[in-house]
Chemist: 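Just dropping this structure here.
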Protein chains: 2
Amino acid sequence: MSKHAKEMGILKEHLGKHQLKFTRQRELILDAFLKQEHITAEEMYHQLARRDPHLGLATIYRTLNLFCEAGLAQARHFGTQTQYDNVSHKGHHDHLICTGCGKIVEFENCDIERLQEEVATQNGFTITTHRLELYGLCSRCRH
Amino acid sequence: MSKHAKEMGILKEHLGKHQLKFTRQRELILDAFLKQEHITAEEMYHQLARRDPHLGLATIYRTLNLFCEAGLAQARHFGTQTQYDNVSHKGHHDHLICTGCGKIVEFENCDIERLQEEVATQNGFTITTHRLELYGLCSRCRH
DNA sequence: ATTCTTTTTGATATAGCTTATCAATTTCAA
DNA sequence: TTGAAATTGATAAGCTATATCAAAAAGAAT
Ligand SMILES: [Mn+2]
Ligand SMILES: [Mn+2]
Ligand SMILES: [Zn+2]
Ligand SMILES: [Zn+2]
């Protein structure tokens, strides 16, 4: 049984439902993606260049977007490049980002989530998604 | 006494401190900017094309960024284009954004702000900025 | 008012990231 | 094995924002 059998199964299920095919590239990229928490398409491109020098950047982008549709990834726009967040093994969360070293810490706070709903209700809105990012310095970078 | 005398004063003070010059374009753009809550550079470009067809897009971008440095504006990245937020007459706030019609509602919630600080402290971070955006449907678009 | 230095402007090229295009290749069900 | 349909990789194109640079404008000093 392969290391990422469960996620590979989720992908295959998604592929099956949408008349998409299981390819060597998709397997390769999923395997590498699941070893990361957050990664950009470019980073993944360089990382995989060793294993398969012919893998195209467009394929990386297409495949990471496919993972988003399959629920395995979520695109996040922290800086200039899109970060693909590996959400295969976790639920909703938000982020603390160190502007010094780029460190990203995930957190979940029910109280904040609840207050967001309150704010929305007060203004007649129904929330579908939200984005909460706290930027600052981690303890190491502050000193 | 002009309509935006106070803000024009803030701009002039900033210009004076930084060896920058007061130009016809800067005056024109500030005047138009202060009539908006949120606006993109392109929108402003088209709006002002009537008054001054020769005004360049680069000048709009430069000038709106100048307003940010002077504390009159804040750049926000809601969608694909940067929204310049007119903060000349208000303090910190976050946003509710309707994905149906594009409506933007501003709000401020001290409890959320406080909880954000708590989260940061728990993780050894010192927050310098944050971004909180709630996306959903406004009451009109839900029905 | 004129001169002169510095800043600004507008047109356009360029950058940076992501998606679109398309011929060649691969998948996979029949 | 065959053949229709999807995928891939190379590269062009799209889109927003900034960089470049010669010409124009600002404004302090004369
Ligand atoms: Mn995350
Ligand atoms: Mn605002
Ligand atoms: Zn750090
Ligand atoms: Zn709406």
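Below, chains carry the letters A, B, ... as their sequence lines are ordered, and counting in each starts from 1. Keep in mind the model is a prediction, meaning the values are calculated, not measured.
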Chemist: With sugar-phosphate meaning primed atoms plus P, OP1 and OP2, does B:Gln25 contact a base, only sugar-phosphate, or nothing at under 4.0 Å between heavy atoms?
Modeler: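 Touches sugar-phosphate only.
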Chemist: Whole-Å distance between D:dA28 P and B:Leu15 CG?
Modeler: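 Result: 12 Å.
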Chemist: Measure the acute angle between the ring planes of B:His95 and B:Phe78, then classify it against the limits of 30° and 60° as parallel, tilted or perpendicular.
Modeler: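 Perpendicular, since the angle between the ring planes exceeds 60°.
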Chemist: What's the verdict on side-chain contact (heavy atoms from CB on, under 4.5 Å) for B:His89 and B:Glu37, showing C-alpha distance, side-chain angles and the deciding distance?
Modeler: CA-CA 10 Å; B:His89 60 294; B:Glu37 280 308 323; 3.4 Å; yes
Chemist: If you take all heavy atoms of A:Ala41 and A:Ile60, which pair is closest and at what distance?
Modeler: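 Taking A:Ala41 first and A:Ile60 second, the nearest heavy atoms are O-CG2, 3.6 Å.
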Chemist: For B:Asp52, report the nucleic acid contact type (base, sugar-phosphate, nothing); a contact means any heavy atom under 4.0 Å.
Modeler: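 Nothing: the residue B:Asp52, judged by heavy atoms under 4.0 Å, touches no strand.
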Chemist: Measure from the side chain of A:Thr23, starting at C-beta and using heavy atoms only, and say which of D:dT7, C:dT19, D:dA17 lies closest.
Modeler: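 Among D:dT7, C:dT19, D:dA17, the one nearest the side chain of A:Thr23 is D:dT7.
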Chemist: What is the separation between atom CD on A:Glu43 and atom C1' on C:dT18, rounded to the nearest whole Å?
Modeler: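 The answer, rounded to whole Å, is 16 Å.
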Chemist: For DNA chain D, whose closest nucleotide is more 5', that of B:Arg24 or that of B:Gln83?
Modeler: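 First, find each residue's nearest nucleotide; the 5'-ward one identifies B:Gln83.
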Chemist: Nearest whole angstrom, please: distance from the P of C:dC17 to the CD of B:Gln81.
Modeler: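 The answer, rounded to whole Å, is 18 Å.
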Chemist: Is it true that B:Gln36 and B:Glu43 share a donor-acceptor pair across their side chains at a distance under 3.5 Å?
Modeler: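 Note: B:Glu43 and B:Gln36 side chains miss the donor-acceptor criterion.
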Chemist: Taking atom types as modelled and ignoring hydrogens, do the side chains of B:His18 and B:Glu69 form a donor-acceptor contact shorter than 3.5 angstrom?
Modeler: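 On atom types as modelled, these side chains do not qualify, holding no pair under 3.5 Å.
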Chemist: Closer than 4.0 Å, any side-chain N/O of B:Thr82 to the OP1 or OP2 of D:dT16?
Modeler: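 Checking D:dT16 against B:Thr82, no side-chain N or O comes under 4.0 Å of OP1 or OP2.
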Chemist: In whole angstroms, how far is the C1' atom of D:dA12 from the OH atom of A:Tyr61?
Modeler: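 That distance rounds to 16 Å.
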Chemist: Counting heavy atoms from C-beta on, name the nucleotide in D:dG9, C:dT8, D:dT7 closest to the side chain of A:Arg62.
Modeler: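 Closest nucleotide among those given: D:dG9.
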Chemist: Can you check the A:Leu20 CG to D:dA4 P distance for me, whole Å?
Modeler: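 Rounded to the whole Å, the gap is 20 Å.
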Chemist: In whole angstrom, what separates A:His77's NE2 from C:dT18's C1'?
Modeler: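 Rounded to the whole Å, the gap is 11 Å.
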Chemist: Assign B:Arg26 to base, sugar-phosphate, or nothing according to its heavy-atom contacts below 4.0 angstrom with the strands shown.
Modeler: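 Here B:Arg26 touches the backbone only, sparing every base.
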Chemist: Respond yes when some side-chain nitrogen or oxygen of B:Asn65 is under 4.0 Å from OP1 or OP2 of D:dT18, and no when none is.
Modeler: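 Yes, within the criterion.
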Chemist: Any idea which of C:dT7, C:dG10, D:dA17 is nearest the B:Leu55 side chain?
Modeler: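 That would be C:dG10.
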Chemist: For the pair made of CD in B:Gln19 and C1' in D:dA28, what is the distance, rounded to whole Å?
Modeler: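 Computing the B:Gln19:CD to D:dA28:C1' distance gives 12 Å.
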Chemist: Quickly work out the A:Glu69 CD to D:dA6 P distance and round it to whole Å.
Modeler: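 Result: 15 Å.
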Chemist: Which residue, B:Ala58 or B:His18, contacts DNA chain C at a nucleotide closer to its 5' end, judged by nearest heavy atom?
Modeler: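 Nearer the 5' end of the strand: B:His18.
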Chemist: Is a donor-acceptor pair below 3.5 Å formed from side chain B:Lys21 to base D:dA25, judging by atom type as modelled?
Modeler: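 By the distance-only test, no, there is no pair.
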Chemist: Measuring from the side chain of A:Thr80 (C-beta onward, heavy atoms only), which nucleotide among C:dG10, D:dA17, C:dC17 has the closest atom?
Modeler: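 Within the option list, the nearest is C:dC17.
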Chemist: Using the closest heavy atom to pick a nucleotide of DNA chain D for each, name whichever of B:Phe22 or B:Leu57 lands nearer the 5' end.
Modeler: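 It is B:Leu57 whose nearest nucleotide is closer to the 5' end.
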